[in-house]
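Report on the following structure.
Quantities reported herein were computed from a predicted structural model and do not represent experimental measurements. Basis for what follows: all heavy atoms, side chains included, without hydrogens, waters or symmetry-related copies.
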Amino acid sequence: VTGVQTCALPISPPTADRVSFIAACEKRCVANGEDKESCHDLCVCTEEEAVRSHTLADVRDDAERGRRLSAITRLCRGRLQ
């Protein structure tokens, strides 16, 4: 799955508004050439893992937030393959 990792970087990390996060993630992912179903699965996993793990808790720096979110996306990609 090429380009999917970058789907998460330009968007905000998951918030209480799960639907908006997943929709934005899917849009970016599909724009990178991935199929909608794969993007949906990846984005749902990313959102769920970010919330479950609290990896983004107290992160104020956008670059660090992006790195952590990217790591979560890679983890999810591995799970989904």
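One finds the CD atom of Glu64 at 9.5 Å from the CG atom of Leu56 (value rounded to the nearest 0.5 Å). Here OG1 of Thr46 is found 9.0 Å from CZ of Arg77. Values are rounded to the nearest 0.5 Å. In this structure, OG in Ser53 is found 8.5 Å from CG in Leu75, a value given to the nearest 0.5 Å. A distance of 10.5 Å separates OG1 in Thr73 from CG in Leu80, rounded to the nearest 0.5 Å.
Looking at residues two or more places apart in sequence or on another chain, you find a side chain to side chain donor-acceptor pair (under 3.5 Å) between Arg52 and Glu49. Not counting sequence neighbours, the partners of Ala63 by the side chain to side chain contact (heavy atoms under 4.5 Å, CB included) test are Asp61, Arg67. With sequence neighbours left out, the side chain to side chain donor-acceptor pair (under 3.5 Å) criterion links Asp58 to no other residue. For Ser20, the side chain to side chain contact (heavy atoms under 4.5 Å, CB included) partners two or more places apart in sequence, or in a different chain, are Asp17. With sequence neighbours left out, Lys36 forms a salt bridge (charged side-chain N to carboxylate O under 4.0 Å, His left out) with Glu26.
Taken together, Cys39 and Cys29 meet the criterion of an SG-SG distance shorter than 2.5 Å.
In this model, a donor atom of one side chain and an acceptor atom of the other lie less than 3.5 Å apart for Arg74 and Ser70.
A donor-acceptor distance shorter than 3.5 angstrom exists from the side chain of Arg68 to the backbone of Thr55, with no hydrogens or angles considered.
Under the disulfide (SG to SG under 2.5 Å) criterion, the residue pairs touching residues 52-81 are Cys45-Cys76, with sequence neighbours excluded.
Put simply, Leu69 and Val59 are part of two different groups of oily side chains (I, L, V, M, F, W, Y) that touch within less than 4.5 Å, one to the next.
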